[in-house]
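Note sheet for the following structure.
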There are 6 protein chains.
Amino acid sequence: MSQRTARSADSLRPISITADFLPHADGSALICFGNTKVICTASIDENVPPFLRGKGQGWVTAEYGMLPASTASRMKREAAAGKQSGRTQEIQRLIGRSLRAVVDMEKLGERQILIDCDVIQADGGTRTASITGAFVALQMAVDKLFSDGLISENPIREAVAAVSVGVVGGEALLDLDYPEDSGCDSDVNIVMTASGKIIEIQGTAEGAPFSVEELGKLIALGQKGIAELVQHQQAALSARLPSVR
Amino acid sequence: MSQRTARSADSLRPISITADFLPHADGSALICFGNTKVICTASIDENVPPFLRGKGQGWVTAEYGMLPASTASRMKREAAAGKQSGRTQEIQRLIGRSLRAVVDMEKLGERQILIDCDVIQADGGTRTASITGAFVALQMAVDKLFSDGLISENPIREAVAAVSVGVVGGEALLDLDYPEDSGCDSDVNIVMTASGKIIEIQGTAEGAPFSVEELGKLIALGQKGIAELVQHQQAALSARLPSVR
Amino acid sequence: MSQRTARSADSLRPISITADFLPHADGSALICFGNTKVICTASIDENVPPFLRGKGQGWVTAEYGMLPASTASRMKREAAAGKQSGRTQEIQRLIGRSLRAVVDMEKLGERQILIDCDVIQADGGTRTASITGAFVALQMAVDKLFSDGLISENPIREAVAAVSVGVVGGEALLDLDYPEDSGCDSDVNIVMTASGKIIEIQGTAEGAPFSVEELGKLIALGQKGIAELVQHQQAALSARLPSVR
Amino acid sequence: MSQRTARSADSLRPISITADFLPHADGSALICFGNTKVICTASIDENVPPFLRGKGQGWVTAEYGMLPASTASRMKREAAAGKQSGRTQEIQRLIGRSLRAVVDMEKLGERQILIDCDVIQADGGTRTASITGAFVALQMAVDKLFSDGLISENPIREAVAAVSVGVVGGEALLDLDYPEDSGCDSDVNIVMTASGKIIEIQGTAEGAPFSVEELGKLIALGQKGIAELVQHQQAALSARLPSVR
Amino acid sequence: MSQRTARSADSLRPISITADFLPHADGSALICFGNTKVICTASIDENVPPFLRGKGQGWVTAEYGMLPASTASRMKREAAAGKQSGRTQEIQRLIGRSLRAVVDMEKLGERQILIDCDVIQADGGTRTASITGAFVALQMAVDKLFSDGLISENPIREAVAAVSVGVVGGEALLDLDYPEDSGCDSDVNIVMTASGKIIEIQGTAEGAPFSVEELGKLIALGQKGIAELVQHQQAALSARLPSVR
Amino acid sequence: MSQRTARSADSLRPISITADFLPHADGSALICFGNTKVICTASIDENVPPFLRGKGQGWVTAEYGMLPASTASRMKREAAAGKQSGRTQEIQRLIGRSLRAVVDMEKLGERQILIDCDVIQADGGTRTASITGAFVALQMAVDKLFSDGLISENPIREAVAAVSVGVVGGEALLDLDYPEDSGCDSDVNIVMTASGKIIEIQGTAEGAPFSVEELGKLIALGQKGIAELVQHQQAALSARLPSVR
């Protein structure tokens, strides 16, 4: 029998994506994976980092943060602490890499898109929700470049989304919430394209090391979740039409 | 004729306060002064700062932040920059002082309430919106202490709210938005109690210095705005009933 | 009967201003408000901050510090702590704004005057003494620009000075010293021009909130003190003549 | 035909592990994966981090650094820059997690083993060499706890080692050096136990996203490399006998 | 013929020491070596650093700073820069070592004396003036411990003072000012006791390396200067009597 | 009778210098003064610091660090602590000054040589070993500039080496190891040229102040040690021939 009662082992939590949540930004979305809620924004910057100047290609980078009260027990504000934790840096590097993998930097042109993912409520899976929501914000910023006449070819090759899978009490579960994540034996974050190719996979044995076979099953479960998330992304982007686009 | 077209010189922007916006926090509100939107949360901490230990009294303190994409042109994330700006520190000190002025620290007991004000969209008046929304979150946290049986007397003496007033093009205006604030001659932030007493007043001549008489007129205008904001606070707190209280 | 014994409620502490205290600086003054002693210097810098480059106008900015042993109980050195406190940043922003309000930036030309206010002994009112002394250092630096032939029109519109007023034990007092400031009900810092216009007003209810009427009385008291401080500034500047000018 | 000329696609670079390289440390090894050279040390600390105090269990944690001249073009010293980069923090978190996965914390007792991995020459694969060498230092520190009579049961469940695999020019290669890593399409770091179980897997599409099938082939290649690395570890540890153990 | 015109090669600059310059501190002195002016204070702290707790002995430590406008061209404020320079740390470590060398830490008792040396005008020799003035402040703080009945035996073994000597244009000069120091071939800072013993000697070849014989001559010159400085210290301390002691 | 048993009072510890220890660097050496082991590298940088740009002369600078496990009890990693200690900065400034004293900056041309000294095992004398080893790395980098045709005249005037001398238990000893250094009465670090001229001398009375005569004896002892160290340097550099030069 499943560990879960409210949803089946291979179900995502209720997903909602509100595109254009902050109209001042070039792209924005509020994404909810159950009680995990993240504001994702995209800002177009007509400069590129120094190492890319004059090379005719663009860049996508990301920053990640959590509101202090987003967690059950309030966490210290990183700006007050004076530095970003190792965890924060690891996650924002992951978001950036994941998005860059689906963008053709030459078609983007010599400009940068800065993604911000700010968690306002955390209940597990903040990095996967961030990547999934960030893609929506990124797509909106790219659409704006089109409508402003700044680019003429689509630099986005395909959608990208992310989900976690893990083994909890011997059972493979999709999209772990915080209690599940805290008690899991193994935890795998998968970033995949709409066509089912792997962009990033990060698997960690929190409890017992796992076999190659178990990894295979988890990946298959993730693939199912990714396909559903990509549909949610498309729906959210379509819902803006025609007023926004 | 007024500088303003969409509202009269002595009108607030459309105000909305959504109490309990983030149910995981001990108190929370999303407050909107027009396009300025701030998430305010209150977290109860059963410890007090070192200078108060063993003295039988509590403390209220605040932190303030802005999401990088909250402004028209994305600002640098303070956590990444490694420090909070002088402006940030000035504002969070103001929020803390304003709330402490209406709290009886002995009735609060030896515990601390930590307020977080995070601006998700900025269009002028973020500090006044923060104070006004923070009071709602604070009241909710105090209500929780009551319902948890941790306090027996109400430590909150009366409500507190804040608004800006200023002279723009020779005209006294209530509740300046960003374009008005940028072009004003003088700018006064007023923090007042529900009973019309001043807790904090900060007036700055951005352009020409102003006379004592002009200050008097601005304060009267502010007083009118504060009275309306206090009604919005009460309405938002009442709207939670009876499920939350 | 007054709380005070050594001076009347509407008297300043003994004021002394020694212009040209540090002859190596472009402008300097040692200012004493009773036992509060501040070294103020002005340094001319022929560069402006990046946001003003090429705009043909100047800038005035300020930094503030306290010697560790300036307070009754030695405070931590900020350079050793690795950052300036929120209080320090708030004060130095106030000093800078106050001086900029009386300077015509176009007449100053594309250069910067950097003000440093370093408290060597603190007994209340360090920010008001800093502003009052900083104006003397600023005037000296401007005089130097004249005598060096770098400017031809006077960029200073009029003098600026600052004083605190407050209610202590129900009585309105001018120029609070540290014991008075620690025990006051309300504390208002007023920055005014020689002609009696307000540049900045910061009032805080340390104890009970105060009424609009009380504020009016405090402002009137401050106006009296400012007028006297402006005379001290002029006397100190005149005393330099003719050797320095 | 293979991209490689000096070794076959499924070969490790020449591996050397010198145990007890720094006799002052509780455990130490100089590990070389070809031209990549890392000094790994283990230091026993009879204290545990605050969150573990009084719980009767131990901890293993790691720090990572690179000598400035370890790279072809000298990199900035992190101690001089004042902070560790995101990459550094990500790697040291990975090393710590990998070692903790094979240690029974209760058998270790309430003490901490601090691992330091300092790269003295970098040519790709510094994180995998660090993990592989760190295990040798960790084993030596545990042996010392035994010989000092501080523990009586072996807390190490089995050996752990790490290797990178990747697709370069369409070919799956084992143990990428720096030129291979820079030009690869995909790069997977695998941390495995001696018995072939996965502790951590981190796969990234540097160029084109990869399929689930390709991932399977890469994992198999990594498994072969890990088995060889475990033999090198055992040989290095055995070579100390009988003088050290 | 001498490089100097205003004073002979073996003369100190005009020395002045004003003891009790800041009456609020436990000990204080304004010391001038010509145009170099330093405020030195001593603060008694009834705590010792952690490594000395419970050992029944005291500690003396020092911090050093320069006002931004103390130098000909304004220097950056270290508190604003967020860290103390290597030079600052080197000097404050030197001051601390020099003072500790003449104090019997057991007689001082389990307490700490914190010395602050803040340069208000710099014209060469700030570290030697700091040490010489710091001794005066230290002696005053020790006198206060006596008069407060906190110690009964004199912990100060003898006076300590410091001076620089150097070779400029082939000539050995005593007490270099800034222009001399900038152009010297070699520069030796000597810290000596009243009885002529060396506490610290730091010699640096700024231009050409110097011979052992040259060093001998410079030390003799320094010894002459130290003897005179010790007399200035005693005179400044005596001048306080009987009101202060 | 001597305090020492394994070597005579005027003997160096066993010295070994391995030139070209890290072939990727422009110059490198592993130097051992007994159990003190330091990796020294030199990196050529075709830029100079801002204050030298366009002046046609070069620069030599140094950084110093210690591996955390280099000391008997593991020390905190400075990169993790977020700053370099005062001791670290003092030592790296000393290394830089010592090397610059033997280099003709005009002959070096407008480029910089960056020296890194990283202590992998510490047993006293890390700064003197660093200077002595750094010269070898510097010479190698200069040889590389010659062989690459970038300079045509030798910028190095003569060799430089460093050693410590001290009085322990009344006896003057050469090249103190850590236990000797911890218990010494006085400690003098001497940096000298091959021709016996002083570049830097730093003498500190750790216990009792010392006389000018005692200093003289210690310097003579140091001179003997320096002469031997210069021979070790030459031998190490010669051993590279002809393959490296």
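Below, each value reflects all heavy atoms present in this structure, side chains not excepted, and no hydrogens, waters or symmetry copies. No experiment lies behind these values; they were computed from the predicted model shown. Protein chains get the first letters and strands the later ones, always in sequence-line order, with residue 1 at the start of each.
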- Contact part of F:Asn35 toward chain D, heavy-atom cut-off under 4.5 Å: side chain, backbone, both or neither? side chain
- Exactly one of F:Asp118, F:Ile120, F:Asp116, F:Thr41 clears side chain to side chain contact (heavy atoms under 4.5 Å, CB included) with D:Leu67, and that residue is F:Asp118
- Distance from F:Leu114 atom CG to D:Arg74 atom CZ, nearest 0.5 Å? 5.0 Å
- How many angstroms lie between OG in F:Ser73 and CD1 in D:Ile44, if you round to the nearest 0.5 Å? 12.5 Å
- Ion pair present between F:Lys76 and D:Glu63, side-chain N to carboxylate O less than 4.0 angstrom? no
- Task: Pick one of side chain, backbone, both or neither for F:Ile39, based on which atoms fall under 4.5 Å of a heavy atom in chain D.
- Result: side chain
- Should we count CD of F:Glu106 as having more than 12 external heavy atoms under 6.0 Å? no
- Who wins among F:Lys37, F:His24, F:Gln89 for the most heavy-atom pairs under 4.5 Å with chain D? F:His24
- Note on the structure: Rounded to the nearest 0.5 angstrom, the CZ-CD distance for F:Arg77 and D:Glu78 is 8.5 Å
- Item | Top contributor to chain D contacts, counting heavy-atom pairs under 4.5 Å, from F:Ala81, F:Ala80, F:Ala122 | F:Ala80
- Query: Would one find more than 12 heavy atoms of other residues, nucleotides or ligands at under 6.0 Å from atom CZ of F:Phe146?
  - Reply: yes
- CD on F:Gln121 to CZ on D:Phe21, rounded to 0.5 Å: 9.0 Å
- Scored by heavy-atom pairs under 4.5 Å with chain D, the best of F:Gly82, F:Gly65, F:Ala42 is F:Gly82
